[in-house]
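The structure appears right after this line, and notes come after that.
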Number of protein chains: 2
Amino acid sequence: MNLKELAKALNLSFSTVSKALRDSHEISVATKNRVLAKAKELNYQVNPQASSLRKQKSKTIAVVIPEVVNDFFGPVINGIESIAQEKGYHVLIYLTHEDMQKEIAITKLLQNGRVDGIMMSLSEETSDTTHLQALRENEIPLVFFDRIAEDIDAPKVTTDDYNCGIKATEHLIENGCTRIAFLSIAPNLSISNKRMNGYLEALKKHNIKPDNGLILSCTGDEAKNKTLIKQLFKRKNRPDGIFASVEKLAIAAYEICAELTLTIPQDVKVICFSNMQTAAWLNPSLSTITQPAYEMGREGASILFKLVEKKGHHFLLENTVLNSALVARNSTKRS
Amino acid sequence: MNLKELAKALNLSFSTVSKALRDSHEISVATKNRVLAKAKELNYQVNPQASSLRKQKSKTIAVVIPEVVNDFFGPVINGIESIAQEKGYHVLIYLTHEDMQKEIAITKLLQNGRVDGIMMSLSEETSDTTHLQALRENEIPLVFFDRIAEDIDAPKVTTDDYNCGIKATEHLIENGCTRIAFLSIAPNLSISNKRMNGYLEALKKHNIKPDNGLILSCTGDEAKNKTLIKQLFKRKNRPDGIFASVEKLAIAAYEICAELTLTIPQDVKVICFSNMQTAAWLNPSLSTITQPAYEMGREGASILFKLVEKKGHHFLLENTVLNSALVARNSTKRS
DNA sequence: AAAACCAACGACAACGTTGTAGCAAATAAA
DNA sequence: TTTATTTGCTACAACGTTGTCGTTGGTTTT
């Protein structure tokens, strides 16, 4: 069922029908109603690719993220989708699986009008950003969230990672920790660095000498991470506090503590960035820095649609910073 | 950068260029190489909507699911995306938020060639299926997974819900439970009924009289659910076992037990369908029936692409059933 | 050497829309 | 009454591809 057939059924030219459907002032009310009724009767729907081709707009955005099985990215998609649905846009999902090559391949797919805009959070691996620069050169509206590329000229939605790095570290200090380890991930990621800088700042503020042996550079390899953490716990001056920059490292720490029969929070206190819904039900319940993931999605999508809808507003380079919240639970409780 | 410009740069007709790019036998190897080189140099990418319009294929599939912040649907998307990426397809995500009206609106969007196929899991609310019938009539390849529509003629990928209903119930019985409550959700859903039938069958097998007061019809309203569960625990013959058909009801049970100072598993044992990654770290660790979510996504997508790629194979109405696994943990431990 | 054939390319008509330009008839202004 | 203007509709040319059908020259067959 296309315009031509619909027009034939109505004995009208297909341009008249097209205009009637889009409520053009050139068409009489009587004809419009006739067309609308027939369109409904025959269940006519415009062909999206024909329309997109003609209008040079796809009414689609892409969301490029590392993974979807994740308590942070899940709600973000939710937020993006809620705005997209309001605006009548469609949402394509692309997963990089933390692989820069995949990220590059995906950005290539998005260069030729498939989408009107892109929301993106970088993979852990991404060190080089020429593929992102290419997107900017093609003038495709682009908004980064959380894991941003600082050198790319695009709006960014982040959380107050530096401050939260401070807050989390101070929370451990206030609860009696003196040898606080920082479990870092992906040195390329801006969030990782900001969180670590907050950690270092807090130590400085409280006159604790930073110890490079307490800063672990973890990777995507979980087994390796566990070995590193185990080594950390076995060194002479075992840490009494763990600040994990991501959830999975905190869970790894839980596992290692169980293995080594260390008790949380008596022997070690643990805090991490996490949006886990069941943090309160862990054993022990996990103290977290929780990011406003849903709001980040909505905020980012709102900015993206501003860019998409009135192009040329490149001055709209707003960097939005939302606040995360520290939720203290038993894993950091003073004994 | 389009074909016309590329052709001009090469001093060739654009049909020649088009054929060269698609490796047609009509074009000499020398020309092909020249075209390929120039295309790379000028970073030419085919316009997807023009190509789709011409070929009447969108190279895109839709995934329609209730929600994305979910340890089941997350891995499913992962599985689907992995197959889609292999096949060079794009993935559109649509969330129904368990709302039948949204589900209907979404299916309408998918009627006119936007996608070549659909993977779908129904919303809790979906009782009527005429909107799904419409998809079938439009001959859009459609595969259901997990929450299927039994009366729609389409391939379905499910898990052995009935058997697992039996297994979970027997697990509770074996650990000493005699008054087992079933926390059901959404009576419209096939999975809910199958799980409950398994529960009833297990009771029968072990000569336990089913008690309607122990079967709770929960809904999307969390506060209401909690009230129901609280009432359940306050009745004269308090249940000593809880079989929750979904994870969130198990967590609600955990909360109510904490409120009423009931201890799991001493006072009540709890088991539920769940793909939570941290089930082992809950307090107490949660016994679960875990579905092979990622595999379901891959399996479903594989079937979908068979349908998409050779249309007319409607005999391909395979109903695939994958097995879930019962993982016993402390929440059902015999005291 | 004429007939048949093939290899390599170009012209062109779709695919289904949309917006601009055109064209009658009806209405308003001169 | 003639000339503008408006109203309501149609014709048509894009948008960027792709596949069919021609059209060349050159090579092989008989």
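So that the names make sense, note that chain A is the first sequence line, chain B the second, and so on, each numbered from 1.
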Please state how far atom [atom1] in [X] lies from atom [atom2] in [N], giving the value in whole angstrom units.
| X | N | atom1 | atom2 | answer |
| --- | --- | --- | --- | --- |
| A:Arg114 | D:dG16 | CZ | P | 16 Å |
| B:Lys4 | D:dA14 | NZ | P | 8 Å |
| B:Leu21 | D:dT17 | CG | C1' | 11 Å |
| A:Asn112 | D:dC15 | CG | C1' | 13 Å |
| A:Leu3 | C:dC15 | CG | C1' | 13 Å |
| A:Asn11 | D:dG8 | CG | P | 19 Å |
| B:Gln56 | D:dT17 | CD | P | 16 Å |
| A:Arg34 | D:dG8 | CZ | P | 14 Å |

Handout entry: NZ/NE/NH1/NH2 to OD/OE distance under 4.0 Å, B:Glu309 and B:Lys87
Key =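 Salt bridge between B:Glu309 and B:Lys87, a charged N being under 4.0 Å from a carboxylate O: yes.
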
Exercise for the section: May I ask you to say whether B:Glu98 pairs ionically with B:Arg147, meaning some side-chain N is under 4.0 Å from a carboxylate O? Expected result: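 Salt bridge: yes.
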
Fill in the blank from the handout: With B for base contact, S for sugar-phosphate-only contact and - for none (protein heavy atoms under 4.0 Å), nucleotides 19-28 of chain D reads BBB-------

Exercise for the section: Under 4.0 Å between any heavy atoms, over every strand shown, what does B:Ser28 touch: base, sugar-phosphate, or nothing? Just pick one. Expected result: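 The residue B:Ser28 makes sugar-phosphate contact but no base contact.
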
Which residues pass the salt bridge (charged side-chain N to carboxylate O under 4.0 Å, His left out) test with [X], not counting sequence neighbours?
| X | answer |
| --- | --- |
| B:Lys32 | B:Asp23 |
| B:Glu5 | none |
| A:Arg114 | none |

Exercise for the section: Taking the side chain as every heavy atom from C-beta outward, state whether B:Phe73 and B:Ser121 have any pair of such atoms under 4.5 Å apart. Expected result: yes

Please list, one pair per line, the donor and acceptor atoms closer than 3.5 Å that link side chains of residues 292-299 of chain B to other protein atoms, with sequence neighbours excluded.
{"residue": "B:Arg298", "atom": "NH1", "partner": "B:Ser82", "partner atom": "OG", "Å": "2.8"}
{"residue": "B:Arg298", "atom": "NH2", "partner": "B:Glu86", "partner atom": "OE2", "Å": "3.4"}

Practice task
Map B:Met1 and A:Thr16 onto DNA chain D by nearest heavy atom, then report which one ends up closer to the 5' terminus.
Solution key: A:Thr16

Exercise for the section: For A:Thr31 and for A:Leu53, locate the closest nucleotide of DNA chain D by heavy-atom distance; then report the residue assigned to the nucleotide nearer the 5' terminus. Expected result: A:Thr31

Practice task
Give the C-alpha distance, both sets of side-chain angles, the deciding distance and a yes or no for side-chain contact (heavy atoms from CB on, under 4.5 Å) between B:Asp99 and B:Glu125.
Solution key: CA-CA 6 Å; B:Asp99 177 344; B:Glu125 262 193 6; 3.8 Å; yes

Exercise for the section: Check step by step if side-chain hydrogen bond (donor to acceptor under 3.5 Å, both in side chains) holds for B:Gln133 and B:Asp153. Expected result: CA-CA 8 Å; B:Gln133 200 56 58; B:Asp153 205 28; over 6 Å; no

Exercise for the section: Using heavy atoms and a sub-4.0 Å distance, could you list which residues of residues 42-52 of chain A are near DNA chain C? By number, please. Expected result: A:Tyr44, A:Gln45, A:Val46, A:Asn47, A:Ala50, A:Ser51

Exercise for the section: Check whether any side-chain nitrogen or oxygen of B:Ser13 sits under 4.0 Å from OP1 or OP2 of C:dG10, and answer yes or no. Expected result: yes

Practice task
Let me know, please, whether A:Asn2 or B:Ile27 comes out on the 5' side of the other along DNA chain C by nearest nucleotide.
Solution key: B:Ile27

